[in-house]
Asks: 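Just dropping this structure here.
Just so you know, these numbers come straight off a predicted model, no measurement behind them. Labels below follow one simple rule: chain letters A, B, ... track the order of the sequence lines, proteins then strands, and each chain is numbered from 1.
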There are 2 protein chains.
Amino acid sequence: MEHELAAQRLAELGHTTRLAVFRLLVRAGRDGLPVGDIQKHLDVAGPTLSHHINRLKGVGLLTQRREGRTLYCVPQMDALRELTGFLESECCTLNVSE
Amino acid sequence: MEHELAAQRLAELGHTTRLAVFRLLVRAGRDGLPVGDIQKHLDVAGPTLSHHINRLKGVGLLTQRREGRTLYCVPQMDALRELTGFLESECCTLNVSE
DNA sequence: ATTATATTTCAATAAATATTGAAATATGGT
DNA sequence: ACCATATTTCAATATTTATTGAAATATAAT
């Protein structure tokens, strides 16, 4: 995984609300959750939530799928795995040498 | 690991320069690196680097140790492990259920 | 067509963060 | 004491991000 993208994803996850959104989605599983459901959990104004969801979407941490009036947010687990992989990829030096 | 701290650490790592600093340190291993050495790698002004190092320090991702005039930055691997652990902790739902 | 629901876009403001030159501090060598 | 090296603090400015009410859009139900 590329450095810049990793930094961007970390930055997006590095915000309380967005981290909460993302973790909700991960817990929810493959189907994801409607924006409205997320909002019920999080006490933020609609536009604020929309903004944060778009940022997560912008770095590929979630995608959206519409079902009628309901817009689902779906976590992209591969993106998360890439990211944790990236973070751990330099650890070996330290772990192995002791 | 607590949500707020995780978000803070993610935010600090979510900046190109800081991520580069941190990864340099991880690669360097237990002894860490002098601030000056970091600067040689990174093309940033001293005060800028100092600022970023302090932010990483502020969330426990590194500590410092002085040897004479030289100030070493030492990566805190436990903090990183806590963080990756936190990120992965909600994954199980998704991974197990398929 | 009208109405209700779900979510977004717009526009404005507030708050946080990044960047850097210049000056200050700390340490060690002469 | 003086000088050089290593790094930080200060102060100012620029940039980015967050937040929200109001208005707009999209979809579905009647």
Side-chain angles (χ1 to χ4, degrees), chain A residues 3-25 28 31-76, chain B residues 3-25 28 31-76:
Chain A
H3 183 94
E4 285 309 317
L5 180 57
Q8 283 170 31
R9 284 180 179 168
L10 287 165
E12 298 310 339
L13 289 176
H15 182 285
T16 305
T17 303
R18 285 192 297 260
L19 184 58
V21 167
F22 187 70
R23 280 169 53 93
L24 264 179
L25 293 178
D31 292 344
L33 283 179
V35 175
D37 282 19
I38 298 173
Q39 193 174 3
K40 278 169 204 145
H41 283 271
L42 293 188
D43 188 39
V44 286
T48 304
L49 182 56
S50 193
H51 166 73
H52 290 307
I53 285 174
N54 266 293
R55 299 201 50 139
L56 290 169
K57 195 173 160 187
V59 297
L61 283 165
L62 66 80
T63 56
Q64 290 183 310
R65 154 183 54 96
R66 181 174 280 281
E67 286 184 20
R69 298 185 272 205
T70 309
L71 194 56
Y72 283 78
C73 297
V74 182
Q76 293 307 108
Chain B
H3 182 95
E4 285 309 316
L5 180 57
Q8 282 170 32
R9 284 181 178 166
L10 288 165
E12 299 310 339
L13 290 176
H15 183 284
T16 305
T17 304
R18 284 192 298 260
L19 185 57
V21 168
F22 188 70
R23 279 167 55 93
L24 264 179
L25 293 179
D31 292 344
L33 283 178
V35 175
D37 283 18
I38 298 173
Q39 192 174 4
K40 277 170 204 144
H41 284 270
L42 293 187
D43 188 39
V44 286
T48 304
L49 181 56
S50 192
H51 165 74
H52 290 308
I53 285 174
N54 266 293
R55 300 202 48 140
L56 290 168
K57 195 173 160 187
V59 296
L61 283 165
L62 66 77
T63 56
Q64 289 182 311
R65 156 182 53 98
R66 182 173 280 281
E67 284 183 21
R69 299 186 272 206
T70 309
L71 194 56
Y72 282 78
C73 296
V74 182
Q76 294 307 109

Asks: For a quick test of your reading: what N or O donor-acceptor pairs under 3.5 Å do the side chains of residues 39-47 of chain A make, sequence neighbours left out?
Replies:
residue, atom, partner, partner atom, Å
A:Gln39, NE2, A:Val44, O, 3.0

Asks: Mind checking side-chain hydrogen bond (donor to acceptor under 3.5 Å, both in side chains) for A:Thr70 and listing every partner two or more places apart, or none if nothing turns up?
Replies: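 Result, side-chain hydrogen bond (donor to acceptor under 3.5 Å, both in side chains) vs A:Thr70: none returned.
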
Asks: Let me know the distance between CG of A:Leu71 and P of D:dT27, rounded to the nearest Å.
Replies: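 So the CG-P distance, A:Leu71 to D:dT27, works out to 10 Å.
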
Asks: Just the rounded figure in Å: distance from P of D:dA6 to CD1 of B:Ile53.
Replies: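 These atoms are roughly 14 Å apart.
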
Asks: Can you list the residues that meet the salt bridge (charged side-chain N to carboxylate O under 4.0 Å, His left out) rule with A:Arg65, with sequence neighbours excluded?
Replies: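 Scan of A:Arg65 (salt bridge (charged side-chain N to carboxylate O under 4.0 Å, His left out), adjacent residues dropped) gives A:Glu67.
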
Asks: In whole Å, what is the span from the CZ atom of B:Arg55 to the P atom of C:dT19?
Replies: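 Roughly 11 Å, once rounded to whole Å.
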
Asks: Nearest to the side chain of A:Arg18 - C:dT9, D:dT19, D:dA18?
Replies: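 That would be D:dA18.
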
Asks: Can you tell me the distance, in whole Å, between the NE2 atom of B:His15 and the C1' atom of C:dT17?
Replies: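 It is 8 Å, rounded to the nearest whole Å.
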
Asks: Nearest to the A:Ala45 side chain among D:dT19, C:dA18, D:dT20, which nucleotide is it?
Replies: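 Closest nucleotide to the A:Ala45 side chain: D:dT20.
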
Asks: Closest-nucleotide mapping onto DNA chain D: is B:Thr70 or A:Leu49 further toward the 5' terminus? I mean the 5' end.
Replies: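 It is B:Thr70, whose closest nucleotide lies nearer the 5' terminus.
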
Asks: Roughly, in whole Å, what's the span from CD in B:Gln8 to C1' in C:dT17?
Replies: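 It works out to 14 Å between those atoms.
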
Asks: Can you tell me how far P of C:dA18 sits from CG of B:Leu56, to the nearest Å?
Replies: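 Rounding to the nearest Å, CG of B:Leu56 and P of C:dA18 are 10 Å apart.
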
Asks: Whether B:Thr48 contacts C:dT19 is assessed here as follows: a side-chain N or O lying under 4.0 Å from the phosphate OP1 or OP2. Is that the case?
Replies: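 Answer no for this pair, as no side-chain N or O of B:Thr48 is under 4.0 Å from OP1 or OP2.
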
Asks: Given C:dT7, C:dT8, D:dT8, which nucleotide is nearest the side-chain atoms of A:Gln64?
Replies: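 Selected nucleotide: C:dT8.
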
Asks: Mind checking salt bridge (charged side-chain N to carboxylate O under 4.0 Å, His left out) for A:Glu4 and listing every partner two or more places apart, or none if nothing turns up?
Replies: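 Not a single residue meets the salt bridge (charged side-chain N to carboxylate O under 4.0 Å, His left out) criterion with A:Glu4.
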
Asks: Mind checking A:His51 for me? I need base, sugar-phosphate or nothing, with any heavy atom below 4.0 Å counting as a touch.
Replies: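 Result for A:His51 = base.
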
Asks: To the nearest 0.5 Å, tell me how far A:Gln76 CD sits from A:Leu62 CG.
Replies: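 Rounded to the nearest 0.5 Å, the CD-CG separation comes to 7.5 Å.
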
Asks: Just checking A:Glu12: base, sugar-phosphate only, or nothing, at a heavy-atom cut-off of under 4.0 Å?
Replies: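 If one applies the 4.0 Å heavy-atom cut-off, A:Glu12 turns out to touch nothing in the nucleic acid.
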
Asks: At 4.0 Å (heavy atoms only), tell me whether B:Gly46 reaches a base, stays on the sugar-phosphate, or touches nothing.
Replies: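 Since a base atom lies under 4.0 Å of B:Gly46, the category is base.
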
Asks: In this structure, how many angstroms lie between the P atom of C:dC10 and the CG atom of A:Asn54, rounded?
Replies: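 Going from CG in A:Asn54 over to P in C:dC10 covers 12 Å.
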
Asks: B:Cys73 and side chain to side chain contact (heavy atoms under 4.5 Å, CB included): which partner among B:Asp37, B:Ile38, B:Leu24, B:Leu33?
Replies: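 Testing B:Cys73 for a side chain to side chain contact (heavy atoms under 4.5 Å, CB included) against B:Asp37, B:Ile38, B:Leu24, B:Leu33 leaves exactly one candidate, B:Ile38.
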
Asks: Protein within reach of the bases, or only the backbone? For nucleotides 22-30 of chain C, mark each nucleotide 5' to 3' as B, S or -, using heavy atoms under 4.0 Å.
Replies: B----BS--

Asks: May I have the distance from B:Leu19 (atom CG) to C:dA18 (atom P), rounded to whole angstrom?
Replies: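 The distance from CG of B:Leu19 to P of C:dA18 comes to 13 Å, rounded to the nearest Å.
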
Asks: Look at A:His52 and D:dT19 and indicate whether a side-chain polar atom (N or O) is within less than 4.0 Å of OP1 or OP2.
Replies: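 Result: yes.
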
Asks: Using the side-chain hydrogen bond (donor to acceptor under 3.5 Å, both in side chains) criterion, which residues pair with B:Arg18? Sequence neighbours excluded.
Replies: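 Listed in chain order: B:Glu12, B:His52.
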
